[in-house]
Amino acid sequence: MTPVVKKRPRLAELDALRGIGAFTVMLFHYSTRFHEMFPTVSHVPFSFMGGDYRVLLFFAISGFAIFFTLDKLKSAPDFIMNRASRLLPAYWVAMLLTLGVEYLGHATTLQIPPMAIIANFSMLEGFLFLPAVDGAYWTLTVEIGFYATMLAIWAGPGQRRIEQVLIFWLAVKWLMAAWPDMPERIAMLLVLRYVPFFAIGMLFYRIWSGQRTVRAQLPYFAAILATVAMLEKPDLLFAAVILIAIFSAMLRSYLRFLCVRPLLWLGGISYSLYLVHQHIGFVIMMKTAELGIDPWTGFAAAILTAIMLGATLNHLVERPAQRALERWWKGRTHPRRAETVGA
């Protein structure tokens with residue numbers, strides 16, 4: 001089920017792209033989305049458009065990076081624990097922090113019912129059609145659906161046949177277009193709305209790892225573009241082409257210029273930053289506006305606060321919790337290996 005992959009050096013460009021994606025999504029939320037949600041509140045006089053397109057970059061990166069886990073996977077429980085230790089601790093702390101800021105700031109328009117808050121602790125609120133604590137968390141529902149589908153592929157046909165599986169996966173997306181009444185949870189679990197963008201990253205990983213050639217992947221890239229062209233709006237086709245160009249440039253080392261410390265650092269904290277930036281930033285900008293402070297000052301304060309909180313959450317929770325949980329899991333499932341590592 002798991003192919004033998006020659007070890008390759010880490011792609012620092014992926015971290016740089018994560019950093020760019022996280023920062024630009026934050027700019028989109030603090031300019032465009034904030035004004036959409038609070039039109040009567042003073043705001044910076046510009047709109048940073050295309051935030052949703054930058055989320056597609058995260059999906060393509062996930063499609064590429066998922067194989068870093070799958071290629072060394074021994075069992076399904078190992079995968080589940082790997083994802084849980086990576087996602088949940090920082091998410092829980094970020095969620096509680098966001099709730100605290102919303103309630104202390106009396107941001108009633110951002111608050112959700114108690115039952116929805118309880119459901120959010122599972123990170124499955126999207127599948128229950130309940131609101132998220134923070135609007136940015138919708139992408140986590142997409143990622144969980146992707147992880148579940150990839151685990152099923154690993155346990156079934158396996159990564160060696162991923163291209164053939166992708167054709168079937170895209171065919172199911174076509175079925176969704178022909179069957180408007182397809183149950184929504186099926187579409188969500190199979191990430192049918194976003195599968196072309198995950199697939200772009202997956203195909204490029206296979207090239208980068210030496211398992212496939214560019215020529216061998218061309219028909220599958222064509223299938224992706226045809227699917228997006230026929231089933232989506234032209235702007236998403238443009239986004240797919242841009243993503244293919246970005247990943248192609250990355251594999252040719254044309255993006256090395258992005259590997260500068262600020263971007264790599266932002267990429268390293270991107271998950272924690274994403275978790276804490278939106279609603280907390282909104283509350284900061286609303287409160288500074290209430291005090292009569294210039295919108296640019298509130299905008300800058302929101303950005304600096306989000307980055308500071310993201311870095312702190314990454315340093316104090318995300319990384320140490322992941323390491324601790326992985327050690328605990330290895331000690332429970334592979335005690336001899338854990339003792340060797342500990343020695």
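When a residue number appears, it is its place in the shown sequence, counting from 1. On a predicted model such as this, the values are computed, not experimentally measured, just so you know. What's counted below: heavy atoms across the whole structure, side chains too, no hydrogens, waters or symmetry copies.
- The minimum heavy-atom distance between F247 and L14, with the atom names listed, is CE2-CD2, 4.5 Å.
- Salt bridge E163/R206: present, at least one basic N to carboxylate O contact under 4.0 Å.
- Here the side chains of F221 and V241 are not in contact, with every heavy-atom distance at 4.5 Å or above.
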Ring pair (Phe, Tyr, Trp, His ring centres under 6.0 Å) evaluation trace for F48 with F34 = CA-CA 11 Å; F48 192 84; F34 180 74; over 10 Å; no
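- Not a single donor-acceptor pair under 3.5 Å links the side chain of T297 to the backbone N or O of I293.
- Taken to the nearest 0.5 Å, the CG atom of L56 stands 6.5 Å off from the CG atom of L236.
- Within a 6.0 Å radius of CE in M115, other residues, nucleotides and ligands contribute 12 heavy atoms or fewer.
- Taking 4.5 Å as the limit, every side-chain heavy atom of L57 sits out of range of all side-chain heavy atoms of I242.
- Among all heavy-atom pairs drawn from V191 and V142, the shortest one is CG1-O, 3.1 Å.
- Residues W179 and D181 are in side-chain contact: their nearest non-hydrogen atoms beyond the backbone lie under 4.5 Å apart.
- The closest donor-acceptor contact from the side chain of T24 to the backbone of I20 lies under 3.5 Å.
- At least one side-chain heavy atom of F79 sits less than 4.5 Å from a side-chain heavy atom of I66.
- Linking Ile, Leu, Val, Met, Phe, Trp and Tyr residues whenever their side-chain heavy atoms come within less than 4.5 Å places V214 and L243 in a single cluster.
- Shown here for R185 and L128, the closest heavy-atom pair between the two residues is NH2-CA, 4.1 Å.
- Between the side chains of N82 and Y147, no donor N or O sits under 3.5 Å from an acceptor N or O.
- For the pair W265/V260, no side-chain contact is recorded, criterion being any heavy-atom separation below 4.5 Å from C-beta on.
- The shortest distance between side-chain heavy atoms of W296 and P45 falls below 4.5 Å.
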Could you please spell out the steps behind the ring pair (Phe, Tyr, Trp, His ring centres under 6.0 Å) verdict for F46 and F299?
-> CA-CA 11 Å; F46 82 96; F299 181 77; 5.7 Å; yes
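- Within the 4.5 Å cutoff, side-chain heavy atoms of T98 are placed close to those of Y137.
- Note that CZ of R212 and CD of Q217 are 4.5 Å apart. Values are rounded to the nearest 0.5 Å.
- Ring geometry for F68 versus F64: interplanar angle over 60°, hence perpendicular rather than tilted (30 to 60°).
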Hey, mind stepping through T139 and Y274 against side chain to side chain donor-acceptor pair (under 3.5 Å) and telling me if it holds?
-> CA-CA 10 Å; T139 61; Y274 187 83; 3.0 Å; yes
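- S270 places a side-chain N or O within 3.5 Å of a backbone atom of G267 that can act as its donor or acceptor partner.
- Under a 4.0 Å N-O distance rule, the pair E318/R86 qualifies as a salt bridge.
- The two residues T288 and M285 have their closest heavy-atom pair at OG1-O, 3.0 Å.
- Under the 4.0 Å criterion applied to side-chain N and carboxylate O atoms, R323 and E326 are not assigned as salt-bridge partners.
- The NZ atom of K287 sits 10.0 Å away from atom CG of L104, with the distance rounded to the nearest 0.5 Å.
- In this structure, N314 contributes its side chain and G310 its backbone to no donor-acceptor pair below 3.5 Å.
- Residue-environment remark: CZ (F168) stays at or below the threshold of 12 foreign heavy atoms within 6.0 Å.
- Put simply, Y254 and L264 are part of two different groups of oily side chains (I, L, V, M, F, W, Y) that touch within less than 4.5 Å, one to the next.
- Within the 3.5 Å criterion, the main-chain N or O of V133 finds a donor-acceptor partner in the side chain of N120.
- Of the possible donor and acceptor atoms, none in the side chain of S42 sits under 3.5 Å from a partner among the backbone N and O of D294.
- Atoms CG and CD1, on L130 and I112 in that order, are 8.0 Å from each other to the nearest 0.5 Å.
- Side chain to side chain, D78 and W329 meet the donor-acceptor criterion of an N or O pair below 3.5 Å.
- Nearest heavy-atom pair, M286 versus A107, reported as atom, atom and distance to 0.1 Å: CE-CB, 4.0 Å.
- In terms of modelled atom types and a separation under 3.5 Å, the side chain of Y271 and the main chain of L87 share a donor-acceptor contact.
- The two residues G135 and W138 have their closest heavy-atom pair at O-CD1, 3.1 Å.
- Using a distance-only test at 3.5 Å, with no hydrogens or angles considered, no donor-acceptor pair links the side chain of K173 to the main chain of T227.
- With E13 contributing its side chain and L255 its backbone, the two residues share no donor-acceptor pair below 3.5 Å.
- The CD1 atom of I200 sits 4.5 Å away from atom CD1 of I244, with the distance rounded to the nearest 0.5 Å.
- A distance of 12.5 Å separates CZ of F146 from CG of L189, quoted to the nearest 0.5 Å.
- Between the side chain of W169 and the backbone N or O of L190, at least one donor-acceptor pair lies under 3.5 Å.
- Hydrophobic cluster membership differs between M230 and L192, with clusters built from Ile, Leu, Val, Met, Phe, Trp and Tyr side chains linked at under 4.5 angstrom.
- Side-chain contact check for L313 versus L273: every heavy-atom pair is 4.5 Å or farther apart.
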